[in-house]
Amino acid sequence: MKRLTKWGLSLTIALIAVISGFTTAQAATKTKDLPEYTTYVRTKRAMTIGAKEKTKTGYKTIHIKKNRLLAVNETETRGKTFKEYATFTLGDVHYAKVKRVTYSRKFIRFNTKNFKYIKTLRAPIRTQLLRQGKGFVMSTAWINRPTYSPVILVTLDNYLQTYSKAKLAKIDEHWMLPTADGDFAKVKPTDTVKISKLTKRGTTYTIDYKRPLKGFADRKIGKHHYRLTIKQLGRQQQNYTPIDDTYDTAASWVNYTINAKPYFAGSAEWGLD
């Protein structure tokens with residue numbers, strides 16, 4: 001084996017440094033901003049997001065671990081290089097948690113170094129407000145307001161929460177968007193239970209839990225074992241509130257059945273005239 005001369009050794013070291021620098025530069029270019037329309041992310045490192053939880057002695061900062069699922073609250077473009085920043089929440093978690101947590105607007109670089117982009121949830125039924133019925137029914141007393149109907153929600157942290165029509169009538173949020181800091185999230189559920197198991201096969205979800213939900217048609221499987229079977233059906237669209245020769249409101253929703261009874265989840269745009 002030939003030995004490297006002093007000149008040859010220096011050249012080798014220099015080449016290694018250049019290659020190493022090039023590799024580092026390549027790695028740096030791979031860090032990209034996430035799309036602005038991103039709804040959920042997973043953390044790639046431990047961090048804080050400006051969230052604090054109420055305890056017996058005061059509010060304590062919530063430390064977010066690596067690979068934690070977070071909901072994107074808002075995004076903001078900054079500087080001449082148009083870098084993206086975002087604020088985050090724990091998402092649509094169960095009512096008791098929502099009640100204890102407060103948020104400050106802490107902006108964090110919204111890039112692939114800090115977060116993993118989540119295209120869809122593993123179980124998209126989570127966070128969907130499943131309303132009883134086959135679609136929006138508009139109120140006869142108020143323009144652009146659908147009537148309330150009983151609702152069931154599967155939270156991100158695997159709780160079932162039910163809401164009676166009377167409960168929902170206490171808030172002025174007829175379209176009922178389940179955001180972590182919205183009015184709906186602060187409504188105490190009629191009942192809530194921890195999910196033991198959630199299974200997804202195609203467009204059918206099977207949810208198991210240990211006790212019956214108040215005022216809900218559970219299917220009893222055995223002792224301390226109850227089940228909901230949620231089947232996703234087709235999507236529908238409908239226009240509402242005709243004004244002159246056009247419509248003011250356009251709604252769309254997905255139909256479901258829960259233990260064979262009709263439910264739907266959707267939203268609307270209004271002010272289209």
Side-chain angles (χ1 to χ4, degrees), residues 34-44 64 67-75 86 88-95 97-98 110 115-136 146 149-163 168 173 175-182 184-185 187 189 192-209 213 216 218-219 226-238 250-269:
L34 273 63
E36 290 184 24
Y37 54 78
T38 302
T39 306
Y40 295 100
V41 295
R42 283 196 179 275
T43 56
K44 287 188 174 180
I64 305 298
N67 205 38
R68 172 69 184 268
L69 182 68
L70 296 175
V72 180
N73 186 46
E74 60 179 322
T75 59
F88 303 86
T89 72
L90 302 179
D92 305 316
V93 294
H94 67 285
Y95 167 76
K97 186 80 170 180
V98 170
F110 195 46
F115 304 102
K116 179 183 177 182
Y117 169 62
I118 302 296
K119 187 175 182 180
T120 57
L121 295 174
R122 292 173 186 172
I125 199 69
R126 291 190 177 101
T127 76
Q128 297 297 310
L129 283 175
L130 300 171
R131 304 169 63 148
Q132 196 175 85
K134 296 182 179 180
F136 292 104
S149 59
V151 167
I152 188 165
L153 169 70
V154 182
T155 69
L156 283 177
D157 50 352
N158 292 322
Y159 281 81
L160 276 171
Q161 297 185 167
T162 63
Y163 301 82
L168 296 172
E173 198 168 329
W175 297 106
M176 296 191 300
L177 302 176
T179 55
D181 57 352
F184 175 84
V187 175
T192 181
V193 64
K194 179 69 175 176
I195 293 172
S196 304
K197 185 179 180 181
L198 190 156
T199 305
K200 180 179 184 292
R201 289 188 178 89
T203 56
T204 299
Y205 299 85
T206 303
I207 301 176
D208 296 277
Y209 44 101
L213 285 162
F216 203 85
D218 309 90
R219 180 186 171 194
Y226 294 81
R227 176 174 293 170
L228 293 183
T229 300
I230 303 176
K231 294 184 179 181
Q232 182 178 324
L233 307 176
R235 178 175 288 276
Q236 278 189 247
Q237 294 180 326
Q238 187 170 334
S252 64
W253 63 88
V254 176
N255 288 309
Y256 295 85
T257 59
I258 302 181
N259 289 0
K261 293 188 176 182
Y263 280 77
F264 72 100
S267 61
E269 292 183 80

S.K.: Count the heavy atoms of every other residue, nucleotide or ligand shown that sit under 6.0 Å from NZ of K134, and state whether that count exceeds 12.
M.R.: no

S.K.: Rounded to the nearest 0.5 Å, what separates atom OH in Y256 from atom CD1 in I125?
M.R.: 4.0 Å

S.K.: So which of L213, T192, I152, D92 actually passes side chain to side chain contact (heavy atoms under 4.5 Å, CB included) with Q161?
M.R.: T192

S.K.: Test of understanding: with side-chain hydrogen bond (donor to acceptor under 3.5 Å, both in side chains), list the residues that count as partners of R227, not counting sequence neighbours.
M.R.: D208

S.K.: Roughly how far apart are L198 CG and N158 CG, rounded to 0.5 Å?
M.R.: 6.5 Å

S.K.: What closest approach, in Å, do G91 and A71 show between heavy atoms, and which atom pair accounts for it?
M.R.: CA-CB, 3.6 Å

S.K.: Kindly indicate, with the supporting measurements, whether the criterion side chain to side chain contact (heavy atoms under 4.5 Å, CB included) is fulfilled by L233 and T257.
M.R.: CA-CA 8 Å; L233 307 176; T257 59; 3.9 Å; yes

S.K.: If you look at every heavy atom in P124 and Y205, which pair is closest and at what distance?
M.R.: CD-OH, 3.3 Å

S.K.: Rounded to the nearest 0.5 Å, what's the gap from CD1 on I207 to NZ on K197? Could you check?
M.R.: 12.5 Å

S.K.: Take a 6.0 Å sphere around CZ of R219 and say whether it holds more than 12 heavy atoms from other residues, nucleotides or ligands.
M.R.: no

S.K.: Which heavy atom of Y263 sits nearest to which heavy atom of P150, and what is that distance?
M.R.: CE2-O, 4.3 Å

S.K.: Around atom NZ of K261, are there more than 12 heavy atoms of other residues, nucleotides or ligands at under 6.0 Å?
M.R.: no

S.K.: Is the shortest side-chain heavy-atom distance between T39 and L121 below 4.5 Å?
M.R.: no

S.K.: Do I64 and L90 come close enough that some side-chain heavy atom pair is under 4.5 Å?
M.R.: yes

S.K.: Using a 6.0 Å cut-off, check whether atom NZ of K200 has over 12 heavy atoms from anything other than its own residue.
M.R.: yes

S.K.: Can you find a heavy atom in the side chain of F110 that is under 4.5 Å from one in the side chain of V41?
M.R.: yes

S.K.: Could you tell me whether a side-chain N or O of T38 sits under 3.5 Å from a main-chain N or O of Y40, the two making a donor and an acceptor?
M.R.: no

S.K.: Drop me the distance from T203's OG1 to K231's NZ, to the nearest 0.5 angstrom.
M.R.: 9.0 Å

S.K.: As a quick check of understanding, evaluate side chain to side chain contact (heavy atoms under 4.5 Å, CB included) for V154 and Q128, giving each step before the final call.
M.R.: CA-CA 7 Å; V154 182; Q128 297 297 310; over 6 Å; no

S.K.: Just by modelled atom types, is the T206 backbone N or O under 3.5 Å from a matching donor or acceptor in the T229 side chain?
M.R.: no

S.K.: Let me see the working for T43 and F115 under side chain to side chain contact (heavy atoms under 4.5 Å, CB included), right down to the final yes or no.
M.R.: CA-CA 5 Å; T43 56; F115 304 102; 4.0 Å; yes

S.K.: Going by side-chain hydrogen bond (donor to acceptor under 3.5 Å, both in side chains), name the residues that satisfy it together with Q232, two or more places apart in sequence or in a different chain.
M.R.: none

S.K.: Side-chain contact, heavy-atom cut-off 4.5 Å: I258 with Q132?
M.R.: no

S.K.: So, the side chain of D157 versus the backbone of H94: is there a donor-acceptor pair under 3.5 Å, distance only?
M.R.: yes

S.K.: Can you tell me how far the OG atom of S149 sits from the CZ atom of F136, to the nearest 0.5 Å?
M.R.: 9.0 Å

S.K.: CD1 of I195 to CG of L228: how many Å apart, nearest 0.5 Å?
M.R.: 8.5 Å

